[in-house]
Every structure is written in C-alpha cells, then in structure tokens.
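Working notes, structure below.
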There are 2 protein chains.
Amino acid sequence: MTQMTNAAPAVDRYLEIAERQFAETGFHGVSLAAIAKEAGVSKQALLHFFGTKEKLYGAVLKRLSDKLCAEVERAGAGGPAAGLVAYFEGLAKNSLERQAEARLVVRALLDTEETARFWPMKPYLEALTELARKTPKWQTASLDEIRAELFQLIGAIQYLTISQTALTGMYGEEDRQAIEERFAGSISGAIRVFVEA
Amino acid sequence: MTQMTNAAPAVDRYLEIAERQFAETGFHGVSLAAIAKEAGVSKQALLHFFGTKEKLYGAVLKRLSDKLCAEVERAGAGGPAAGLVAYFEGLAKNSLERQAEARLVVRALLDTEETARFWPMKPYLEALTELARKTPKWQTASLDEIRAELFQLIGAIQYLTISQTALTGMYGEEDRQAIEERFAGSISGAIRVFVEA
DNA sequence: TTGACAGCTTACCAAGTGGTAAGTTACCTT
DNA sequence: AAGGTAACTTACCACTTGGTAAGCTGTCAA
C-alpha cells in the first residue's frame, strides 16, 4: 500500500513560517524563495507539498481558520455566555502576541482576489455567531443582528491588534502600552454588553 | 523663471487610479505597468512624476490623509460634538462607497515595511483625537484614553467597511445589506456614547 | 533484491518587475 | 527666433517571479 508519509511535522513547520511571512507582508509581498530560505529548503520543496503559491496561501488560511474555530469551540465548552466573554477578553488582552493571526484574518477579508470563492474565515465567524446564538440574549435575534453586533466587537479588537506596530511607530512604546491597557479596560464593558442582557 | 507646469490634473488622475489599485491589491499586488496601462500612459510617465513606486505609494497615502484631515476639519466646523457624530455617522452609512479609503487606511496600518518612518495616517488620527478633546466629555481626559476609545469606534466601522466584499461573498448581497443596516443602527448608539457625557 | 514512491535537489525558463538612458515634442520665456 | 524645460515616449536592462522537468536518495512493501 502507500508508504509511511512522515512529512507532517515538516509541512507544519513550512506552514508556520509561511503564516508569519504572509501575515507580515501579504500574499503578494512574500515569495516562495523567501519562505524556502527561512525554512532552509529549496522552494521546490514547497511546491512539492502545496502545488502552487496560492494553494500554500490557502493552506495557511485554512490552518488558521481551523485553529481559531477550535479555540472558539474550546471556549464555548463551559457555557456560551461565559465562553464568549473569556474568548474576547483573551483576544483583547493578548493583542501583541496575536498580531500575526489578526493580520492574516484582516488580510483574508481584505484580499478578495486570492481568497474569493474560498472565504477561509467564514467558519470562524460562523462559530462565533453560533456561540452567540446560544446565549439567552441572542436566542430570539436574527442572524443579521448577531453578525452586525459581532463585527462591531471583533472589528474593534482586531483593528487595534493590527495597529500595534503602527501605534508604537507613531507614539512610542510607552504610549502604545497605555492605549492598549485603556482599550482592554473599556472593551471589557462592550464585551459584557454584547453577551449579557 | 520656472515654466508653467500644468500637469497637476494629470498627476491627480494618476493618483486616483493608483489609489484604487493599491486599495484593492496592496502595494506589492500592484505593478507600475498596471497603473500606467489603466491611465493610458507609459509607466515611465509615472516614474517621471513620482520617482519610484514607493514614492508613488507614499503620494497616494499622503493625498488620502490630507483628504481625510480636511473632511474631519470640515465636520468639526459646526462644533466638536456634533461634528464627530456627523462624521462617524457618515462613515458608517456610506461604507460601500468608502471601501477604497478604508482599505488603504487599514493597509497603511498593516504594512509596517513600506510606510514605516512615515506613518501617513497619523495626522488623520490626530485630527480626530483633537476634535474629541474639544468636547466637554473628553476635555479632562488623557490622550491615551481618547485614543483607546477612538480606536474602538473607527476600528469597528472600518472593519465592517473593508469586509463588505467578503460579506457579500460569504452571505450574499441581501444579507450583506441587512448586516450593514443593523450595524449602522447599532453603531449610532456607540457614537453617541463616545461623544456625549 | 527489487521496485515504487515520498521527499527532496539542481537546472532551467518565460514572463514580469522596478528602474535607467536617451530621445522627442510642445509650449513658454526671453 | 532661440533656448530651456515639462511631459512625456521607446528601448533597454538586471533581477526576481512562480512554475516545470528531471534526477537523486533513503525507506518500506512485496
């Protein structure tokens, strides 16, 4: 039969490197050669596993989407309302560490060319919507209503997250940190308003 | 002395075309040749006026920044509180028409490589901050506090704006419109909370 | 032991990239 | 009328791009 294919860890390492680079400079800003160089392999190694650059990008986004979905599901295990609060609070508090993720999500929403007819972030957004729908507050609400409210919340959080580098550049590291702290404090209120009736 | 240089309208047209293309696919996704082709000139015409691709991108961002600053100033002419409400309401309501702008702003915040040490959107953000500072509510607040709150608001609005195409792709045009309307309604409350005491 | 196949590598390529050099043309000042 | 210069153009170039073709090597099933 088929052979022992034990390339999974290597492939995952390639995806990790690609993810970081795509998050930083976007699809067009990254070359296969650059990713290959950082991974210490030839670019044909990447093409061997992923076929084309677009498919590699797709695999990166799919992997991220799966990861985010799993996270949402894990958060929702202890009840929808508490889960949502915990999830969003976590997002807001670790904005520096989660920059790469947020950048990729935003880029996926932004780049309608490469990701069209694929919409990799749809499952993630729907997982959040479904979780919200399970709370008492949103049980009777329409999907549009939930989505509109949800976008307000994750939009605010991810916008700040992707702005971290720019904020440091514009105002310095101290001010960036002060803004982040103020933001985390005030978004907490918004999160509770979103979840609780 | 110097000669009558009447290339201003042509240059502005180039900037307009470049703006649309950069907004759509980002700095690396656009080639000078593509912009030149749409403008009906050779790419060396662009290089003649702007020197390099990076400088052209910089000029596009500078032009957008100036436009946004002028808009904020105009909105603030009739009082800071009312001006802010009108400005944000306008942003939220015309999200489809203002997609290109929002995309560029987000890309400018996202791309730390090309726009570093330039931060073209800083004047815009500061104009908004200054306007907010003039309202009774924020007069005694710290800059950090205002900025954090401001980012929450424009973040939510611009995030939805850049997501319009993705929303249509994911849920269809009808649902997209429904979400947008719900969003506009609910962000109105947030705007008033931001401005009023 | 052999042969298939995963997981690579080196060699190569056509198309496109941003950018330079050297004109050309029309207008404006002198 | 002459000269300068703005606003281009065509020609060209070194380099990079994503992608193909072919080959090499170690492991594992038969």
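Chain letters run A, B, ... following the sequence lines, proteins first, then strands; residues in each count from 1.
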Write down the distance between [atom1] ([X]) and [atom2] ([N]), rounded to a whole number of angstrom.
X	N	atom1	atom2	result
A/Leu32	D/dG18	CG	C1'	6 Å
B/His48	C/dA21	NE2	P	16 Å
A/Glu114	D/dG18	CD	C1'	14 Å
B/Phe50	D/dC8	CZ	P	10 Å
B/Lys37	D/dT9	NZ	C1'	18 Å
A/Ile35	D/dG19	CD1	P	11 Å
A/Glu54	D/dG19	CD	C1'	13 Å
B/Leu46	D/dT10	CG	P	14 Å

**Prompt:** Start at the 5' end of DNA chain D and walk down; is the nucleotide closest to A/Leu47 or to B/Ala45 reached first?
**Reply:** B/Ala45
**Prompt:** Which side chain to side chain donor-acceptor pair (under 3.5 Å) pairs, counting each pair once, include a residue from residues 165-174 of chain B, with sequence neighbours left out?
**Reply:** B/Gln99-B/Thr165, B/Arg103-B/Thr165, B/Glu173-B/Arg176
**Prompt:** Can you check whether B/Glu180 reaches B/Lys93 side chain to side chain, under 4.5 Å on heavy atoms?
**Reply:** no
**Message:** Of the options D/dC8, C/dG19, D/dT17, whose atoms approach the side-chain atoms of B/Lys53 most closely?
**Reply:** C/dG19
Can a side chain N or O of [X] be found less than 4.0 Å away from OP1 or OP2 on [N]?
X	N	answer
A/Thr52	D/dG18	no
A/Ser31	D/dT17	yes
A/Ser42	C/dT9	yes

**Prompt:** Parallel, tilted or perpendicular for B/Phe22 and B/Phe27, by the 30°/60° rule?
**Reply:** parallel
**Request:** Give the ring-plane orientation class for B/Tyr124 versus B/Tyr87, where under 30° counts as parallel, over 60° as perpendicular and anything between as tilted.
**Result:** perpendicular
**Request:** Could you tell me whether A/Arg63 and A/Glu16 have a side-chain N and a carboxylate O separated by less than 4.0 Å?
**Result:** yes
**Request:** Begin from the C-alpha positions of B/Gln158 and B/Glu101 and carry the test side chain to side chain contact (heavy atoms under 4.5 Å, CB included) through to its verdict.
**Result:** CA-CA 9 Å; B/Gln158 293 202 338; B/Glu101 295 174 17; over 6 Å; no
Taking N or O atoms only and anything under 3.5 Å, show me the protein contacts with nucleotides 11-15 of chain C, one pair per line.
unit_1 : atom_1 : unit_2  : atom_2 : d
C/dA11 : N6     : A/Gln44 : NE2    : 3.1

**Request:** Would you indicate whether A/Lys122, at its atom NZ, is surrounded by more than 12 heavy atoms from other residues, nucleotides or ligands within a distance under 6.0 Å?
**Result:** yes
**Prompt:** Out of A/Ile35, A/Val60, A/Leu64, which residue meets the side chain to side chain contact (heavy atoms under 4.5 Å, CB included) rule with A/Leu15?
**Reply:** A/Val60
**Asked** Have B/Glu114 and B/Tyr57 got a donor and an acceptor in their side chains that come within less than 3.5 Å?
**Response** no
**Message:** Short of 4.0 Å, heavy atom to strand atom, which residues of residues 9-28 of chain B count as contacting DNA chain C?
**Reply:** none
